[in-house]
Amino acid sequence: MCGNSMNFNNYSLNENQQRAVDWNEGPLLVLAGPGSGKTLVLTLRATRLLQDNFQASVLALTFTNKAADEMRRRIDEIMGERADRIHLCTFHSFAGDILRQHGSHVGIQPDFSLLTLEEDRIALLDFLLSEKPSHYYEYREYSEKFQLLKEKLKNYTASIPADHHNLLVLLDRLFADSYNCEFKTSITVKTPSWIPIFFEAYCQLLIEHNRLDYGGLLYFAKKLLSENKGVLRITRLAWKYICVDEFQDTNRAQYDLLHLLVDSDNPNLFVVADDDQIIYQWNGASPERLQVLLEDYEMGIVQLPENYRCPSIIIKYANHLIRHNHIRNKYKKPLISLKSNDKSDFVTIQEYSDEYEEYSAISKIIIKNDWNVDECVVLARSGKILEKTAQSLVLNGFTPYYPRRKNEFECSSIRLIYAALRLANTRHDREYLRRLCLEWKNFTERIIEVVDVEAEAALCGGDFLRAWIDIALNEVTCDSHKVLLQKFRQYLVDRLLVIEFLDWFWSIKWSDDPLETEEKETWIDLHNEVIREHSLENITLHLYLQELDLKSKICLQTPGSLSLLTVHAAKGLEYKHVFLIGMVEGIFPSYHAVRKGPICREMEEERRNCFVAITRVKETLCISWAKNYDGYSGKNPSRFIKEMDFLIENDS
Ligand SMILES: Nc1ncnc2c1ncn2[C@@H]1O[C@H](COP(=O)(O)OP(=O)(O)OP(=O)(O)O)[C@@H](O)[C@H]1O
């Protein structure tokens, strides 16, 4: 359904929302606060375009896979079928797509794999910067270009920091900032002379190994589109309408990629954003980027000040709070609450003498009010507080759900299978062989030496997986492990029947570790998403692994569990009852921001975090703090409480 009186799924849109949904061509920024229907509007407009024009193709870029999946679900529901003319994905996943198709122009082969573990990236750095390469690298043949770069790097060995973890942090910042081997970086005060050559050598190493890290994905996608006009043209032609959700959190690398995708002569760009919800400054997001966008595309602006989510008292506090920030769009309208009901007890504030008293009060309040735990959330700025809250909740008979972001599975049986799949995909890869040997040792406590497999593989065409299975079968004593190895051979070596293999593997309980059940469920859920997105006929093992590697392995929530989330994890979500805990100076706002002083970018980011936290509320907000945390007493309540004018209002 479309037209002026559109009413999708029982939503009657307000005038501003309707304007945004009706937007056809040209650049538009929907600038709006939390709970104003930004995601809704983006979803409805995309659906309308597909319905109005059977030739329309829409690319919607989101910040997380979860957001893309949720939008996909809503669109398919409205369309009544799977809408193939819309591609919903994250920037990283989009970069992966185009590199899979055209990456060879910049040296990336379609079956590239992703470096999801820090230790694997550090191993690459060790190789790059050490005199003596480790065994896993010495057999490779490196290009002349790379050898030259590595040779040049030797001149700087004394100046390059020895801490490779820190070097990775630097690399990530360079990638986020779209660095391209210039003599100066904008992220460091001075640019040491080794940085350009180090960065170039690292990128070349990624090419040589056909591996990409998350930063490398965006870097090579940008390189591809900026260097190859043909690929740029094809990519632009594929997507007539481009939309971006949560634009405020894009970093420079994402913006540059977007800039290439959007034809500046005919920019069909639809962006939703809230400059008061920028909370990824540490990842390269910046309040100034919205300004750059407005200037680059002469965007029209539609504002959605109406908030459908929160009680009006919360909107009042949110407006009071956020006006203390200086770096904001000066034309942004304050939020208006559309909820008529307003009780003073929608917000409570409580001081506790001790942090454990604060944590256990949560259970008491939920029980006293007879709230449904599925509708409650506990929010905090720091994960450490949430861990302690989880322990307290368990003692009080609750089941906490505290999801940690995970790039890789952690349970030994699952890691083993994943390692086997990786080696099945690249049979001659020494690093994947090393990982399989390691995971086998963790799973069975039996050691298989990499060199033994290499020797055995010399007799069977260099196929490491086949050789490894032969050796493992020869030594295995446990029946179930023997069956597992036979299945490896049957489904991953003799033939490649990955789906059948996984179905079999998931049906068996390999250990009593509850993590196994949890991670199996997560994998099955991610697996279904990947299959839905690509369909069984089109999926290859390398595509499957690439897609899975791009997804966070966060465990699924079970009904009846109570969510404990950091503010970052709660972005975009809404709950009836919100507990915002740990509201003291040094925690929220963070110690780092407090140390930098009241007027600094870090403090503004903390304030935006608080703004995001309180605007998750549909009904009640319980703010609390304790006088001591971690044995440190005399903590002062967060300045943000005062800035909301909460105390002043109560006094009057
Ligand atoms: N016109 C409307 N009528 C009824 N409910 C609406 C309308 N517009 C939005 N909502 C509801 O308001 C809530 C917030 O919508 P949505 O999640 O799209 O907001 P948002 O602006 O993306 O929020 P945030 O920035 O916090 O992520 C949802 O529950 C949505 O269903």
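Heavy-atom basis, side chains included; hydrogens, waters and symmetry copies ignored. Start at 1 and go down the list; that is how both ligands and their atoms are numbered. Model, not experiment: these values are computed from the prediction. Just so you know, residue 1 is the first one in the sequence shown, and it goes up from there.
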Visitor: Tell me, with the steps shown, if W523 and F409 meet ring pair (Phe, Tyr, Trp, His ring centres under 6.0 Å).
Guide: CA-CA 9 Å; W523 191 348; F409 293 115; 5.3 Å; yes
Visitor: With heavy atoms only and a cut-off of under 4.0 Å, state how R616 meets ligand 1: side chain, backbone, both or neither.
Guide: side chain
Visitor: At a 4.0 Å threshold, what atoms of ligand 1 neighbour a non-hydrogen atom of L40?
Guide: 7 (C), 8 (N), 9 (C), 18 (O)
Visitor: Report the relative orientation of the aromatic rings in W239 and H87; use parallel for angles under 30°, tilted for 30 to 60°, perpendicular for over 60°.
Guide: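 W239 and H87: parallel rings.
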Visitor: Minimum distance, heavy atoms only, to atom 28 (C) of ligand 1: which one of E574, R309, Q17, K618 is it?
Guide: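 That would be E574.
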Visitor: Under the side-chain hydrogen bond (donor to acceptor under 3.5 Å, both in side chains) rule, what do S563 and Q557 come out as? Steps first, then yes or no, please.
Guide: CA-CA 8 Å; S563 297; Q557 181 162 21; 2.9 Å; yes
Visitor: Could you check S178 against K222 for side-chain hydrogen bond (donor to acceptor under 3.5 Å, both in side chains), going step by step and ending with a plain yes or no?
Guide: CA-CA 9 Å; S178 229; K222 176 186 160 191; 3.1 Å; yes
Visitor: Under the 3.5 angstrom rule, does the side chain of Q303 hit a backbone N or O of K333 as a donor-acceptor pair?
Guide: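 Side chain of Q303 to backbone of K333: a pair is present.
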Visitor: Counting distance only, does the side-chain N/O of R328 pair as donor-acceptor with the main-chain N or O of D276 below 3.5 Å?
Guide: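 Pair absent, no side-chain N/O of R328 close to backbone of D276.
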Visitor: For F611 and H324, run ring pair (Phe, Tyr, Trp, His ring centres under 6.0 Å): C-alpha distance rounded to whole Å, both residues' side-chain angles, the deciding distance at 0.1 Å, then the answer.
Guide: CA-CA 11 Å; F611 179 80; H324 287 83; over 10 Å; no
Visitor: Using a plain distance cutoff, I'd like to know if G35 has any nitrogen or oxygen under 3.5 Å from a nitrogen or oxygen of ligand 1.
Guide: yes
Visitor: For G33, counting its heavy atoms only, list the atoms of ligand 1 lying under 4.0 Å from any of them.
Guide: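 Listed by number with element: 21 (O).
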Visitor: Would you say N14 has any N or O atom under 3.5 Å from an N or O of ligand 1, going by distance alone?
Guide: no
Visitor: Check whether any heavy atom of A32 sits under 4.0 Å from an atom of ligand 1.
Guide: no
Visitor: Can you list the ligand 1 atoms lying under 4.0 Å from a non-hydrogen atom of G572?
Guide: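 In order of numbering, the contacting atoms are 27 (O).
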Visitor: At a 4.0 Å threshold, what atoms of ligand 1 neighbour a non-hydrogen atom of Q277?
Guide: 25 (O)
